[in-house]
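Single-structure report; data block below.
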Amino acid sequence: MKKTADAPGEPSRPPPELGVGVGVGPGVALAARAGHNGTAGRHRFVVVASRLPVDRTESPDGEAQWRPSPGGLVSALEPVMRESGGVWIGWSGDAGPAPGPFTANDLDLVGIGLSADQVRDYYEGFCNATLWPLYHDVIAPPEFHRRWWDAYVTVNRSFAQAAVDQAAPGATIWVHDYQLQLVPQMVREQRGDVRIGFFNHIPFPGYEIFAQLPWRRQVVNGLLGADLLGFQRRSDATNFLRACRRAAGLVTRGATVRVGDREIRAAAFPISIDAEGLEQIARRESVRKRSAEIRLALGEPDTVLLGVDRLDYTKGIPVRLRAYGELLREGRLGPRVVLVQVASPSRERVGAYRVLRDVVEREVSRINGEYAEVGSAPVNYLHQSFPREEMAALYLAADVMLVTSLRDGMNLVAKEYVACRYDESGAVVLSEFTGAADELSGAFLINPHDIDGVKDAIVRAAAISPADARRRMRLMRRRVREHDVAYWARSFLGTLAGEPVRSYGGSGRA
Ligand code: F6P
């Protein structure tokens with residue numbers, strides 16, 4: 001098996017008193033040498049993520065209610081949160097004051113409030129119109145505005161302060177993603193006693209691209225407040241280490257970088273899904289019935305192709321539509337084929353996302369206009385989000401899953417499809433530029449910039465023999481089941497706690 005952790009070896013410092021396996025052990029031993037200011041909180045495990053793991057709804061009398069937002073991250077971290085008395089710090093997604101500490105679904109939550117200006121300058125601006133395009137290889141041009149940067153610093157400071165306030169002496173703090181890259185250092189400045197991990201869910205770009213960021217040194221220094229930096233792919237970790245050398249003038253050794261007397265490790269920990277939980281949903285009678293209904297509603301086609309994406313320019317939806325349109329024109333998929341494209345609404349106030357929506361919807365109507373017959377259309381386009389049960393039914397209904405991202409940190413949709421295919425049928429067409437391509441060796445790999453290659457792969461996947469499908473699907477299913485999201489969380493937290501670094505690529509569970 002391929003190793004994806006950078007230079008695994010012995011832990012670089014003495015094992016800590018904290019035992020972060022699945023649970024976080026008592027932080028009492030560290031309290032004695034804690035460097036904090038004596039105002040620490042009570043939580044031994046603190047998750048700091050852009051979003052809360054709940055969505056706000058309103059009861060008929062206008063009272064705020066919180067509904068769990070199903071997601072891999074929360075299902076992975078829930079057991080750790082419960083065992084260790086954890087707390088989750090995040091934003092609700094709406095402009096307005098913070099809801100204050102509250103409990104939902106038995107989890108302790110702390111909301112961060114963002115003003116309307118901060119939503120515009122921090123979330124829509126610096127996070128999603130500067131960092132997002134920059135970190136995805138400038139597929140869309142990033143914009144650099146000093147006002148947006150100032151908002152990013154201010155909002156990161158709010159998250160960091162909340163973490164400082166909530167963390168018990170010697171706590172473990174796990175910060176997530178590109179929205180919060182300054183938090184590790186901001187916490188470190190106030191709390192020498194805590195252990196800090198950071199995981200980047202999106203790619204970390206090559207230095208020639210990262211170097212465009214006017215605040216590149218500050219971002220590197222912000223991240224280096226952590227003890228362990230996790231990335232999706234080995235190349236992301238390598239890119240980060242190079243940024244440490246070039247932007248901050250630091251010396252790196254293997255997978256580590258030294259800052260004063262601290263040694264910081266950067267390695268790959270590819271994220272995954274709750275494969276078992278999703279498979280259980282897919283096996284439900286109601287879901288299987290729904291999947292048959294979907295095929296019936298589509299007119300019982302011979303082949304159902306499926307795309308499931310946030311409507312984001314990184315996902316390569318126009319490429320997929322173009323390839324599909326040409327295949328229809330050439331008749332290479334036969335007459336009884338349907339593409340179902342779920343494009344869930346995302347970041348709709350950001351310019352590049354509005355432009356993309358127009359492009360995609362124009363192309364869908366062009367294809368349908370040209371090839372539809374009365375009562376049936378070759379593209380079923382759904383600009384909506386669906387509950388997990390409906391998604392599982394769609395995955396079961398699809399013969400071929402299409403993932404044509406131009407750049408993607410991981411792409412969990414590919415893994416979700418595989419987890420649902422318990423009868424070992426189906427095929428995946430998968431972009432090389434996704435983290436998932438490192439793991440799903442049974443997929444038909446494509447370069448999304450090579451339209452002819454994409455077309456050929458779709459044709460091969462649609463015509464796959466049952467035996468070949470089984471062989472490929474078995475390989476992929478084993479990988480996804482063994483390296484599920486719980487494995488990911490355990491590997492990261494175990495390494496953060498100073499357990500010997502394991503090869504992430506190993507087939508056994510940690
Ligand atoms: O890592 C990418 C990510 O930030 C995910 O955490 C999230 O699900 C997705 O992009 C959408 O993000 P948001 O709606 O918060 O902008």
Side-chain angles (χ1 to χ4, degrees), residues 47-56 68-77 88-95 111-112 114 118-137 139-140 142 148 151-152 155-156 159 174-181 183 198-205 223 229-233 236 269-274 308-315 342-354 356-357 383-386 388 391 403 405-416 433-436 485 488-489 492:
V47 174
V48 191
S50 166
R51 299 282 195 149
L52 286 169
V54 288
D55 293 324
R56 190 176 186 280
S69 52
L73 193 56
V74 65
S75 66
L77 298 182
W88 187 303
I89 296 167
W91 172 50
S92 70
D94 294 320
I112 299 292
L114 296 189
Q118 286 174 330
V119 173
R120 186 193 60 212
D121 294 344
Y122 155 79
Y123 172 70
E124 292 162 1
F126 201 75
C127 291
N128 291 319
T130 304
L131 293 175
W132 182 268
L134 186 76
Y135 282 30
H136 287 87
D137 288 354
I139 296 166
W148 291 2
Y152 186 74
V155 173
N156 270 243
F159 277 83
W174 194 357
V175 184
H176 290 265
D177 227 354
Y178 65 102
Q179 300 96 342
L180 301 173
Q181 294 173 106
V183 169
F198 179 91
F199 184 76
N200 198 49
H201 291 246
I202 68 172
F204 196 90
L223 290 168
L229 291 149
F231 296 90
Q232 300 281 25
R233 305 178 91 168
D236 297 319
F269 295 86
I271 199 170
S272 194
I273 56 164
D274 174 11
V308 174
D309 309 87
R310 272 188 313 103
L311 189 45
D312 193 299
Y313 49 81
T314 59
K315 304 292 182 183
V342 176
S344 51
S346 186
R347 303 174 187 167
E348 291 185 287
R349 286 169 20 153
V350 178
Y353 289 74
R354 291 209 190 123
L356 174 74
R357 183 171 178 187
H383 183 242
Q384 299 163 46
S385 302
F386 295 99
R388 285 185 85 61
M391 291 314 304
V403 178
S405 311
L406 304 174
R407 193 83 162 89
D408 216 331
M410 174 50 62
N411 197 282
L412 294 177
V413 161
K415 292 187 174 181
E416 287 180 356
F433 301 112
T434 62
V485 73
W488 167 78
F492 185 89

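On a predicted model such as this, the values are computed, not experimentally measured, just so you know. Counting starts at 1 for both ligands and their atoms, following the listed order.
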*asked:* So if I only count non-hydrogen atoms and take anything under 4.0 Å from ligand 1, which residues does that give, chain by chain?
replied: Arg51, Tyr123, Asn128, Trp132, Asp177, Tyr178, Gln179, His201, Ile202, Arg310, Arg347
_In terms of relative ring orientation, are Phe204 and Phe231 parallel, tilted or perpendicular, with 30° and 60° separating the classes?_
perpendicular
*Assign the ring pair Phe159 / Tyr122 to parallel, tilted or perpendicular, where the plane angle (0 to 90°) is split at 30° and 60°.*
tilted
*Could you tell me whether the side chain of Trp91 and the main chain of Asp94 form a donor-acceptor pair under 3.5 Å?*
yes
*Asp312 and Tyr353: side-chain donor and acceptor closer than 3.5 Å?*
yes
*Approximate separation, where rounding is to 0.5 Å, of His176 NE2 and Leu73 CG*: 5.0 Å
*Per the ring pair (Phe, Tyr, Trp, His ring centres under 6.0 Å) rule, which among Phe198, Trp174, Phe199, Phe492 passes with Phe269?*
Phe492
